[in-house]
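Just follow the structure's listing: the first ligand is 1, and inside any ligand the first atom is 1.
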Amino acid sequence: MQNTRETIKKYNIQLTKSLGQNFLTDFNVVKKIVNTADVGQEDVVIEVGPGIGTMTLELAKRAKKVIAIEIDKRLIPALEDNLSGFSNVQIINMDIMKADINAITSEYDSSNIKVVANLPYYITTPIIMKFLEEDTKADMMVFMIQKEVARRIVAGPGTKDYGALSVAVQYYSKPEKAFDVPPHCFIPQPDVDSAVIKLIINKEPPVKLLDKGMFFKTVKCSFAQRRKTLINALYNTGGLNKSKEEIKEILKSMGVDENTRGEMLSIQQFAMLSNLLYESSL
Ligand code: SAM
């Protein structure tokens, strides 16, 4: 394959900032991402935003099948040309947010399904949450994202980066940061530093929930006003319809100080709290 710069020139592609089009130019980074996902002959890989196919090519060499979903139809001719030597690549011109991932992968039910992507940064969190919430049968996901978002995803209780995103991603998976990628590895260079994260999807949730909706509502309320104590955050943000007294009693029964802030609670404590809130509303 020609290098990224040459392909962009050859096809006269005008990169679109609003679509998060920062293409990788450093092939070592491409290899490191694919190595992180440990892609092998048994794997069916979904790639979000293949661009002109820089990483798709490396995935196609190693995987059983690559399903590449790209929103920008202007890139499809270059993508198809670059991958013309591979019969195991399916290119879909579609917005990933509108894609039915389970329908797309239905014929590969018994395969290892992995998601590997250098994500468009304007829509990082919605894409990650779509893959996690839709129960896509993927057992591993490797994403290049903004370094600051990577930090938030892997953060634990009591740190400044810990928040609703950390709890949500850690409910569905075990996230770990793999490595950092500086701006000069892309064209054009993004304004932020990047990092690659690996999510090993939980086969069973790490906590037992009486009501998943109540769990995520509790987490959202607890972090909505970070400077407030947990009791005030839960009372003020509403939606829970509990008096301060009721919330105080529940926290007390959990052995949690009422002046604690949400950022101190582990995922297990959020589960317990939301289960107690749920039970008390029956
Ligand atoms: N994979 C290529 C690489 O590593 O060089 C390109 C990565 S670039 C950061 C993000 C890609 O996602 C772009 O090709 C962009 O057009 C595509 N994209 C943006 N929004 C998308 C969406 N909603 N659905 C699918 N692809 C999208």
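The ligand atoms of ligand 1 that sit less than 4.0 angstrom from a heavy atom of Asp95 are 22 (C), 23 (N), 24 (N). The Gln21 neighbourhood of ligand 1 comprises atoms 13 (C), 15 (C), 16 (O), with distances under 4.0 Å to a heavy atom of that residue. For ligand 1 and Met94, the ligand atoms under 4.0 Å from any heavy atom of the residue are 24 (N), 25 (C). Each of the following atoms of ligand 1 lies closer than 4.0 Å to a heavy atom of Leu75: 14 (O). The atoms of ligand 1 that sit less than 4.0 Å from any heavy atom of Ile69 are 25 (C), 26 (N).
The shortest separation from a heavy atom of Met97 to ligand 1 is not under 4.0 Å, leaving the residue out of contact. Under a 4.0 angstrom heavy-atom cut-off, Glu47 registers as being in contact with ligand 1. Within the structure, ligand 1 has Tyr122 among the residues with a heavy atom less than 4.0 angstrom away. Heavy atoms of Leu119 come nearer than 4.0 angstrom to ligand 1 in at least one pair.
Defined by atom type and a distance below 3.5 Å, a donor-acceptor pair is present between the side-chain atoms of Asp81 and Tyr11. Residues Arg74 and Thr16 bring a donor and an acceptor atom of their side chains to less than 3.5 Å of each other. Looking at Lys244 and Asn232, their side chains do bring a donor and an acceptor atom within 3.5 Å of each other. At a cut-off of 3.5 Å, with distance as the only test, a side-chain donor of Asn202 or Lys174 sits close to an acceptor on the other residue. With no hydrogens or angles considered, no side-chain donor-acceptor pair links Glu246 and Ser280 at under 3.5 Å. Side-chain atoms of Glu70 and Asn93 form no donor-acceptor pair, as typed in the model, at a separation below 3.5 Å.
Looking at atom 24 (N) of ligand 1, its nearest protein heavy atom turns out to be Ile96 N, 2.9 Å. Atom 1 (N) of ligand 1 has its closest protein heavy atom at Gly49 O, 2.8 Å. Ranking protein heavy atoms by distance to atom 2 (C) of ligand 1, first place goes to Pro50 O, 3.4 Å. Shortest contact from atom 21 (C) of ligand 1 to any protein heavy atom: Ile71 CG2, 3.5 Å. Summary of contacts: the protein heavy atom closest to atom 19 (C) of ligand 1 is Leu19 O, 3.1 Å. The shortest contact between atom 3 (C) of ligand 1 and any protein heavy atom is with Asn118 ND2, 3.5 Å. Atom 10 (C) of ligand 1 has its closest protein heavy atom at Gly20 O, 3.5 Å. In terms of protein heavy atoms, atom 14 (O) of ligand 1 is closest to Glu70 OE1, 2.7 Å.
Where the criterion is an N or O separation shorter than 3.5 Å, residue side chain and backbone included, Asp72 fails it with respect to ligand 1. Inclusion of Val48 in the set of residues having an N or O under 3.5 Å from an N or O of ligand 1 is not warranted. Where the criterion is an N or O separation shorter than 3.5 Å, residue side chain and backbone included, Met55 fails it with respect to ligand 1. Between Asn22 and ligand 1, no pair of N/O atoms sits closer than 3.5 Å.
Note: Tyr121 and Phe186 have perpendicular aromatic rings, judged against thresholds of 30 and 60 degrees for the angle between ring planes. The aromatic rings of Phe223 and Tyr162 stand perpendicular to each other, their planes meeting at an angle above 60°, with 30° marking the opposite boundary.
Heavy-atom proximity to atom 5 (O) of ligand 1, evaluated over Thr56, Thr16, Leu24, Val29, is greatest for Leu24.
By the neighbour-count criterion of 12 heavy atoms within 6.0 Å, atom NZ of Lys177 is densely surrounded, having more than that number from other residues, nucleotides or ligands. For Met264, the CE atom counts as loosely surrounded, since its 6.0 Å shell holds 12 or fewer non-hydrogen atoms of other residues, nucleotides or ligands.
In this structure the side chain of Lys114 never reaches within 4.5 angstrom of the side chain of Val44, judged on heavy atoms.
Here Glu263 pairs with Arg226 in a salt bridge; the nearest charged N to carboxylate O distance falls below 4.0 Å.
Put simply, Tyr172 and Met97 are part of the same group of oily side chains (I, L, V, M, F, W, Y) that touch within less than 4.5 Å, one to the next.
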